[in-house]
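We use all heavy atoms of the structure for the numbers below, so side chains are in, but hydrogens, waters and symmetry mates are not.
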Amino acid sequence: MRQTTPGMSKAKRPPGPTFIEALRMTPDLTRDALGAMSRISQTHGDMVRVKIGPMLVYLLNHPDYAKHVLQDNHTNYRKSSIYHEFSVLLGNGQLTTNDMEYWRSQRKLIHPAFSRSHLERYFSKVAESSSAMLARWEAAASAGRPLDVYSEFMRLMLGLTGKILFSIDLAEEAPQVSEAMRVAFDFIMTRVNAPIKLPRDFPTPARRRVARHVDVLNDIVRRLIEERREGEDRGDLLTALVRARDEAGKGMSDEHLRDEIKTLLVAGHESPANVLSWACYLLALNPDKEERLAAEVTQVVGDRPPTFADLPRLRYCQMVLEETMRLYPPAWVVERTPIQDDVIGGYHIEAGARVTMFMYQIHRHRDFWEDAERFEPERFSEARSAGRHRFALFPFSGGPRICLGKDLSMVEMLMCLTMVIQRFRLRLEPSHPVVPLPSVNLRPRDGIVFHLSPRRNSVAAAG
């Protein structure tokens, strides 16, 4: 029998489209999820109930509602079935598990690997990889050749994440890794968008193909774990996780290590690459903001390579990244499923439904963001941020399950964007369309193509 929350009997059903309206909008949700979900939100408000056949979805568009689900009443919510789809690639890691006792024990073991001392250790890898990428950009600029910076940032972050996790450049030394992730993501997103699903392990050709690629990825990670078990310390995150112990002196099994490492690998490269791509896009559209950022970089760093100690002083750069994540959050939705019936904002929420926090819309809520579509990093100044709702901006999710790697991601993005602006002016190729694609992350569908011009002639080339 269902338990009830106090006030449940007085709770009302949220507004939403009729059954026929919901059926009619289904093709739009498949073709243009951002546009369709935004229109639904604007029509029906901060809480929307959408029922299509057996599927019941509550669309949450207010920071208070996100805070309730992710923080205030988080024990009543588990990861939705969508996250289970990712286990075909990630296994039972921090992103996919609903076993909270296991999640807490794993998080305690993983968290120290993201301490400040470890971030400083990883910093040299960020500088080295960014410098190598920008050397390629200099060659393209000299030749007058445009570049797709999205592809460049994806290559950078995959290689860099491999160096931080394993001390190898995955983009160069293990291209099977990126192919395994691409094949798995295609399979996952096809299933997420399918109205009718076969059992996930049903042996279709696509499922067998995924299994072959994931087996290759597992073998690579397993070999690296064995090397660290044998005592090899290469100063990477895998070494820290292999050596991590709980209060009883127990570490992670190889299987648990494998799943957590794969989760960090996937989460650690795609999100920063997307944010950096969108940041360059927004700066190119707003040259006055680009010049203000360039002035800060000149003042703080000059022509020398940035250092870890410089990062706190690059305040406007951080504001640019925060504003970018407001407009183009990497994880554009966050989903949960209530274990028991709940009441949110006076509305009745049924157990077992999908509760979708529409981050893309929450980050534009007019009660919290003035002229919300405008790119304005200054809105993240200390004075203007004072008293702002904690969940008006939550690109790394929130509550107990907030992203473990958020500080590392910010270090990577601050460093890389600083070095890009230090060296180049970016101008968009006008004939190349830029269209957001709400896939696993919110990425540019066809990349973002820029023309590069040197900002100055005497910038140091290596960290």
Side-chain angles (χ1 to χ4, degrees), residues 83 86 89-91 93-96 106-107 109-116 118-130 133 150 152-182 184-185 188 217-218 220-221 224-225 228 234-242 244 252 256-279 321 325 329-331 395-397 401-417 439-443:
Y83 293 91
F86 285 88
L89 172 65
L90 304 180
Q94 291 282 292
L95 182 68
T96 57
Q106 288 292 96
R107 193 171 180 96
L109 288 168
I110 297 169
H111 189 266
F114 291 94
S115 66
R116 179 181 173 85
H118 281 89
L119 293 181
E120 289 191 65
R121 180 187 294 185
Y122 307 145
F123 181 81
S124 62
K125 302 177 190 290
V126 181
E128 177 186 279
S129 295
S130 298
M133 180 189 74
Y150 171 69
E152 287 288 306
F153 284 135
M154 285 292 284
R155 176 181 172 182
L156 166 71
M157 295 310 302
L158 179 60
L160 175 56
T161 303
K163 288 181 179 181
I164 290 172
L165 290 177
F166 311 124
S167 298
I168 63 173
D169 186 338
L170 291 174
E172 300 292 339
E173 300 176 47
Q176 316 96 299
V177 171
S178 57
E179 180 64 7
M181 289 189 290
R182 186 191 67 77
F185 281 155
I188 291 164
L217 176 58
N218 287 343
I220 291 171
V221 176
L224 293 165
I225 290 171
R228 300 306 183 276
R234 301 180 68 176
D236 51 29
L237 197 147
L238 180 55
T239 300
L241 295 185
V242 165
M252 282 187 244
H256 293 165
L257 265 172
R258 181 199 67 199
D259 292 347
E260 299 298 357
I261 281 292
K262 288 194 298 180
T263 299
L264 293 170
L265 172 62
V266 170
H269 89 277
E270 189 170 8
S271 293
N274 279 292
V275 174
L276 287 167
S277 300
W278 289 120
L321 291 169
M325 290 187 287
F396 298 104
S397 191
R401 296 191 77 148
I402 192 168
C403 175
L404 263 173
K406 65 183 181 65
D407 292 337
L408 175 58
S409 291
M410 287 304 299
V411 166
E412 292 170 333
M413 294 187 297
L414 279 167
M415 177 67 173
C416 186
L417 185 57
S439 181
V440 176
N441 271 217
L442 184 58
R443 62 179 177 85

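Going from atom CD of E270 over to atom CE of M157 covers 11.5 Å, rounded to the nearest 0.5 Å. To the nearest 0.5 Å, atoms CZ (R155) and OG (S178) are separated by 11.0 Å. With rounding to the nearest 0.5 angstrom, the CG atom of L265 is 9.0 Å from the CG atom of L90. For the atom pair OG1 of T96 and CZ of F86, the computed distance is 10.0 Å after rounding to the nearest 0.5 Å. A distance of 4.5 Å separates CD of E260 from CD of Q106, quoted to the nearest 0.5 Å. We find the CD-CD1 distance between Q94 and I110 to be 4.5 Å, quoted to the nearest 0.5 Å.
Between the side chain of R228 and the backbone N or O of F166 there is at least one donor-acceptor pair closer than 3.5 Å. Under a 3.5 Å cut-off, the side chain of H111 and the backbone N or O of L404 do not form any donor-acceptor pair. Within the 3.5 Å criterion, the main-chain N or O of A127 finds no donor-acceptor partner in the side chain of S130.
In summary, the side chains of N274 and S271 do not present any donor paired with an acceptor at a separation below 3.5 Å, with no hydrogens or angles considered.
Contact annotation: the side chain of L408 approaches that of Y122 to within less than 4.5 Å [non-hydrogen atoms, C-beta and beyond]. Annotation: side chain of L165 is in contact with side chain of L237 (closest heavy-atom distance under 4.5 Å). Taking 4.5 Å as the limit, every side-chain heavy atom of C403 sits out of range of all side-chain heavy atoms of S397. When side chains are defined from C-beta on, R258 counts as touching N218, because their heavy atoms get closer than 4.5 Å. When side chains are defined from C-beta on, D407 does not count as touching F114, because their heavy atoms never get closer than 4.5 Å. Q176 places none of its side-chain heavy atoms less than 4.5 Å from the side chain of L217. Here the side chains of I164 and T161 are not in contact, with every heavy-atom distance at 4.5 Å or above.
Nearest approach of F185 to L89, heavy atoms of both residues: CE2-CD2, 4.0 Å. G93 approaches D259 most closely through the heavy-atom pair N-CB, 4.1 Å. The minimum heavy-atom distance linking F123 with V411 is given by the pair CD1-CG1, 4.0 Å. The two residues G268 and P272 come nearest to each other via the heavy atoms O-CG, 3.5 Å. Residues A240 and H118 come closest through the heavy atom pair CB-NE2, 3.8 Å.
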| task | Could you walk me through whether L109 and L241 pass the side-chain contact (heavy atoms from CB on, under 4.5 Å) test, one step at a time? | result | CA-CA 7 Å; L109 288 168; L241 295 185; over 6 Å; no
| message | Is there a side-chain contact (heavy atoms from CB on, under 4.5 Å) between K163 and D236? Walk through the geometry before answering. | response | CA-CA 7 Å; K163 288 181 179 181; D236 51 29; over 6 Å; no
| said: Does M325 form a side-chain contact (heavy atoms from CB on, under 4.5 Å) with F396? I'd like the steps, not just the answer. | reply: CA-CA 9 Å; M325 290 187 287; F396 298 104; 4.0 Å; yes
| field | Criterion side-chain contact (heavy atoms from CB on, under 4.5 Å) on C416 and M133, from CA distance to verdict | value | CA-CA 10 Å; C416 186; M133 180 189 74; 4.0 Å; yes
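Using a 4.0 Å cut-off between charged nitrogen and carboxylate oxygen, E128 and K125 do not count as a salt-bridge pair.
Of the candidates L224, V242, V221, V266, I261 forms a side chain to side chain contact (heavy atoms under 4.5 Å, CB included) with just one, namely V221.
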